[in-house]
Amino acid sequence: MAEIEPGARLCSGYFDEAAQIALLRELEKAIARAPLFTPTMPRTGRPFSVRMTNCGPLGWVSDRARGYRYQDRHPETGEPWPPIPPVLLAAWEALADYPHPPQACLVNFYGREARMSLHQDRDEADFSAPILSVSLGADCRFRLGGGKRADSSRVFVLSSGDVMTLGGPARLRFHGVDRLLPELAPKLASPLFAEGGRINLTLRRVT
Ligand code: MD3
Ligand code: FE
């Protein structure tokens, strides 16, 4: 476990290959119940390049009319989100150092060309809880900035099985995903990764 910046801890290879495959099977089931959707930007309606779904009592969604928010139902099916896979709850218990379980697990799916521009995560009511992130699939170039958009930033590679916790002084820092890296390692066999790609899971407290 390495503290890469104050409050940002990176656990490289926290999930071994067998655990990554077991987690992928859980996500395939979750996505069958709660299909990936393409969120759109508030006001402009511009689509994200990342597709998303959620697990847990609450899920993060965004669209032109109603903007960024958490809600208890899938925006297209109207169904409740599926439960958070137990192996993720166990990782939160082991690493988050927070006395309550996560309320949301945002599932971000990156195709080869997807990116996530620099942003802060501030749609949650309580910033005292950390965010726990799990990466699966292709490596990516992750950028961690400062508390202001214009602050300098550092890049890190996130690989399949890595877990990162972002708490304390890191919780409100700007961050994003510049791009996926070409896959050299053998792909995780999954219909989700038929054309490559990456999944990032973020466990969050919301209220
Ligand atoms: C640093 N996801 O879902 S995960 C997001 O790889 C998001 O999909 C990226 O940013 C991804 O909001 C990055 C790592 C991460 C997550 C939350 C953070 C880094 C963070 C919150 C504060 C600072
Ligand atoms: Fe974020």
Side-chain angles (χ1 to χ4, degrees), residues 1-12 14-15 23 27 36-39 41-42 48-56 58-62 67-70 81 84 88 91-92 95-96 98 102-149 151-181 192-193 196-206:
M1 178 83 115
E3 181 148 72
I4 57 172
E5 290 282 319
R9 295 193 179 85
L10 178 59
C11 240
S12 296
Y14 181 81
F15 290 110
L23 180 52
L27 294 172
L36 293 167
F37 60 92
T38 301
M41 292 292 289
F48 283 55
S49 63
V50 174
R51 292 190 294 151
M52 298 180 178
T53 190
N54 293 269
C55 302
L58 292 170
W60 189 90
V61 301
S62 177
Y68 303 154
R69 63 197 186 274
Y70 284 91
W81 306 105
I84 298 176
L88 294 175
W92 175 275
L95 301 177
Y98 193 79
Q103 294 170 301
C105 173
L106 173 60
V107 179
N108 293 153
F109 180 84
Y110 294 75
R112 290 172 174 283
E113 302 300 319
R115 288 159 167 55
M116 191 174 289
S117 58
L118 214 58
H119 66 279
Q120 288 173 299
D121 289 15
R122 47 185 320 147
D123 301 317
E124 301 77 26
D126 184 0
F127 301 134
S128 70
I131 288 176
L132 184 149
S133 142
V134 178
S135 294
L136 288 174
D139 291 357
C140 79
R141 207 169 115 115
F142 167 73
R143 184 173 293 275
L144 183 59
K148 294 180 189 147
R149 184 176 290 279
D151 288 347
S152 64
S153 58
R154 289 179 63 188
V155 300
F156 302 89
V157 172
L158 293 180
S159 300
S160 198
D162 290 357
V163 176
M164 192 160 56
T165 59
L166 296 305
R171 178 63 182 77
L172 287 174
R173 286 175 69 166
F174 279 85
H175 58 280
V177 173
D178 291 355
R179 59 183 173 82
L180 301 198
L181 297 173
L192 294 171
F193 292 142
R198 167 175 185 265
I199 291 175
N200 181 264
L201 310 166
T202 44
L203 301 182
R204 301 150 184 265
R205 288 294 294 181
V206 177

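All residue numbers refer to positions in the sequence shown, counting from 1. Please read these numbers as outputs of a predicted model, since none were measured by experiment. Start at 1 and go down the list; that is how both ligands and their atoms are numbered.
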Check your understanding: If you count only heavy atoms, which residues are under 4.0 Å from ligand 1?
Key ->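 Residues within 4.0 Å of ligand 1: L106, N108, Y110, M116, H119, D121, I131, S133, F142, L144, M164, L166, A170, R171, R173, H175, V177, R198, N200, T202, R204.
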Review point. Taking only residues two or more places apart in sequence or in another chain, which ones pass side chain to side chain contact (heavy atoms under 4.5 Å, CB included) with R141?
Key: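 Expected list: R143, V155, D178, R179.
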Exercise for review: Just jot down the side chain to side chain contact (heavy atoms under 4.5 Å, CB included) partners of P169, sequence neighbours excluded, or say none.
Suggested key: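 Applying side chain to side chain contact (heavy atoms under 4.5 Å, CB included) to P169 gives P6.
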Exercise for review: Check all N, O or S atoms of D121 and name the one closest to the Fe ion (ligand 2).
Suggested key: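 Considering only N, O and S atoms, D121 comes nearest to the Fe ion (ligand 2) through OD1.
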Check your understanding: Between F156 and F142, how do the two ring planes meet: parallel, tilted or perpendicular, split at 30° and 60°?
Key ->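 Answer is tilted, since the angle falls between 30° and 60°.
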Practice item. Measure up the W60 and F48 rings against each other and bin them: parallel (under 30°), tilted (30 to 60°), perpendicular (over 60°). Key: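 If you compare the ring of W60 with that of F48, the planes turn out perpendicular.
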For residues 124-138, tabulate all N or O donor-acceptor pairs below 3.5 Å that involve a side-chain atom, not counting sequence neighbours.
{"from": "E124", "atom 1": "OE1", "to": "R171", "atom 2": "NH2", "distance (Å)": "2.8"}
{"from": "E124", "atom 1": "OE2", "to": "Y70", "atom 2": "OH", "distance (Å)": "2.5"}
{"from": "E124", "atom 1": "OE2", "to": "R204", "atom 2": "NH1", "distance (Å)": "3.0"}
{"from": "D126", "atom 1": "OD1", "to": "S128", "atom 2": "N", "distance (Å)": "2.8"}
{"from": "D126", "atom 1": "OD1", "to": "S128", "atom 2": "OG", "distance (Å)": "2.7"}
{"from": "D126", "atom 1": "OD2", "to": "Y98", "atom 2": "OH", "distance (Å)": "3.3"}
{"from": "D126", "atom 1": "OD2", "to": "S128", "atom 2": "OG", "distance (Å)": "3.1"}
{"from": "S133", "atom 1": "OG", "to": "N200", "atom 2": "ND2", "distance (Å)": "3.0"}
{"from": "S135", "atom 1": "OG", "to": "R198", "atom 2": "NH2", "distance (Å)": "2.9"}

Point to revise | Test log, rule side-chain contact (heavy atoms from CB on, under 4.5 Å), inputs Q120 and H175 | key: CA-CA 7 Å; Q120 288 173 299; H175 58 280; 5.6 Å; no
